[in-house]
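This structure is a prediction, so every number in the text was calculated from the model and none was measured. Atoms within a ligand are numbered from 1 in the order they appear, just like the ligands themselves.
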Amino acid sequence: MKETSLLLSVEQALDKILGYVDVLEAELVPILDCLGQVLAEDVYSTINIPPLDNSAMDGYAVRAEDTRGATEQAPRLLHVIDTVAAGSISEHEVVPGTVVRIMTGAPLPKGADSIVRFEDTDEAQRQGVSGEIGILYEVETGRDIRRAGEDITHGSLVLAKGVVIRPPEIGVLASLGRTEAKVIRRPVVAILATGNELVDMNQPLPRGKIYNSNSYSVAALVKRYGGIPQILGIALDSESSLVASLRKGLDADMLITTGGVSMGDYDVVKDVLVKQGKIAFWTVRMKPGKPLAFGIVRGINGVGVAKNIPHLGLPGNPVSTMVTFELFARPAILKMMGKKNLTKPAIEAVIEEPIVNSDGRRVFARVIVEKHNGQYFARPTGSQGSGILTSMSLANGLVIVPEDKSGVEAGDVVQVMMLDWNEEMG
Ligand code: AMP
Ligand code: MG
């Protein structure tokens with residue numbers, strides 16, 4: 001990492017970043033905390049699900065041959081020898097001429113081979129439960145029985161390593177009786193805002209200052225993609241302040257700074273990290289977000305061992321911060337979490353207004369995407385200034401205007417990166 005100022009494409013910048021990012025270790029966590037994480041073990045079942053043959057209906061457990069010839073006019077009368085509910089086991093055996101009244105989920109009594117539903121008996125015509133029941137229709141063997149192990153068989157591989165845990169997987173783990181699962185751990189992402197102009201939101205706002213919003217939009221993005229944000233606060237545009245603040249984040253898995261990477265007099269992120277010799281400044285051919293810094297900070301883990309922390313120096317303008325996060329920090333976080341699908345889904349949409357691309361960069365324009373008659377339409381959110389954070393709030397997508405195009409006309413079909421769609425949909 002020697003280059004200091006390279007002109008890179010979005011793909012080249014991302015490749016370089018991902019080249020320095022590794023998948024984190026696995027940890028055992030309570031199943032409900034695994035949501036969105038990648039399974040780091042093969043999960044086998046030590047039980048059958050369901051454990052026993054059981055009834056899929058409320059009705060009567062019968063021997064199918066005892067129902068032969070049953071009709072509404074000439075019901076087959078059988079003796080009711082027991083009633084069994086889900087969670088209980090009948091001690092009685094269904095011998096010829098007998099039935100056990102059974103509720104959904106109750107294990108099938110010995111001797112029975114099928115279920116006759118209540119509505120296929122004359123139970124409704126009888127006053128209360130009596131000693132016998134009339135079967136109105138024949139049933140075939142196996143009717144309305146859920147077989148032991150039909151969902152999961154004992155010894156089978158139920159969830160394979162690499163699966164992304166969603167609500168159904170948490171349910172499956174619970175159905176196996178698992179309280180914990182081994183997953184790739186979530187990265188801790190330290191977030192540091194830089195700028196003399198910044199004030200934290202619980203303070204009065206003096207003239208000439210602005211509230212720090214980047215730390216919170218970035219922290220929210222970190223959470224959305226599964227990481228654990230660690231907000232380090234605000235550093236002034238001075239070396240000493242920056243160094244002091246960075247020290248608080250040295251056990252993180254990734255460091256994100258915002259601001260201070262441009263050409264201004266006070267852009268000290270640059271100076272500080274250049275001195276450590278481990279940072280590259282890139283001019284990424286994109287808009288918003290041209291200046292981007294990427295480096296490695298020497299950190300130290302929880303047990304005192306030195307480690308390298310990837311550092312992304314995002315530009316300070318609030319929209320640039322968020323867009324560069326989506327393009328570079330998001331995939332890095334997902335890779336750390338063991339995810340394979342790092343790409344935001346993109347769709348094709350008809351753009352409703354022209355977008356100009358004046359300087360050969362890839363433009364990411366904020367748009368509102370709506371679907372009409374099966375076709376997506378994208379409408380720019382108004383001013384595309386990189387300080388207009390509310391335009392990001394209106395948007396649900398970013399139209400991509402390629403660097404080799406001078407713009408798009410209204411009615412053109414464009415690619416839109418869908419900000420609120422999940423990578424797993426790609
Ligand atoms: P910089 O990249 O440091 O030159 O910052 C560019 C502009 O982004 C600044 O002039 C501020 O208006 C804005 N900005 C920088 N950091 C933040 C922040 N943490 N929260 C809100 N706005 C910011
Ligand atoms: Mg600044």
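Residue-environment remark: NZ (Lys223) stays at or below the threshold of 12 foreign heavy atoms within 6.0 Å. For Lys182, the NZ atom sits in a loose shell: 12 or fewer heavy atoms of surrounding residues, nucleotides or ligands are nearer than 6.0 Å. Other residues, nucleotides and ligands contribute only 12 or fewer heavy atoms inside 6.0 Å of the CG atom of Leu32. Other residues, nucleotides and ligands contribute only 12 or fewer heavy atoms inside 6.0 Å of the CD atom of Glu409.
Protein heavy atom in closest approach to atom 14 (N) of ligand 1: Gly316 O, 3.2 Å. Counting only heavy atoms of the protein, atom 10 (O) of ligand 1 lies nearest to Glu197 OE2, 3.7 Å. Distance from atom 7 (C) of ligand 1 to its nearest protein heavy atom, with residue and atom name: Asn317 OD1, 3.5 Å. Closest protein heavy atom to atom 18 (C) of ligand 1: Asn214 ND2, 3.2 Å. Taking atom 22 (N) of ligand 1 as the reference point, the nearest protein heavy-atom neighbour is Ile210 CD1, 3.5 Å. Looking at atom 20 (N) of ligand 1, its nearest protein heavy atom turns out to be Ser213 N, 3.0 Å.
Residue Gly387 places no heavy atom under 4.0 Å from ligand 1.
Each of the following atoms of ligand 1 lies closer than 4.0 Å to a heavy atom of Asn212: 18 (C), 19 (N), 20 (N). Of all the atoms in ligand 1, the ones that sit under 4.0 Å from a non-hydrogen atom of Tyr211 are 20 (N), 21 (C). Interface of Ala193 with ligand 1, defined as ligand atoms under 4.0 Å from a residue heavy atom, comprises 19 (N).
Between the side chains of His311 and Thr257, a donor-acceptor pair is found at a separation under 3.5 Å. Of the N and O atoms on the side chains of Glu119 and Tyr137, not one donor lies less than 3.5 Å from an acceptor on the other residue.
By the 30° and 60° cut-offs, the orientation of the rings of Tyr60 relative to Phe118 is perpendicular.
Checked against a 6.0 Å centroid threshold, the rings of Phe377 and His372 count as neighbours.
Polar contact check, Ser215 against ligand 1: no nitrogen or oxygen pair lies under 3.5 Å apart. Ligand 1 has an N or O atom lying under 3.5 Å from an N or O atom of Gly260, backbone or side chain.
Although no hydrogens or angles enter the test, the distance criterion places no donor-acceptor pair under 3.5 Å between the side chain of Asp200 and the main chain of Asn202.
In Ile234, neither the side chain nor the backbone holds a heavy atom less than 4.0 Å from any atom of ligand 1.
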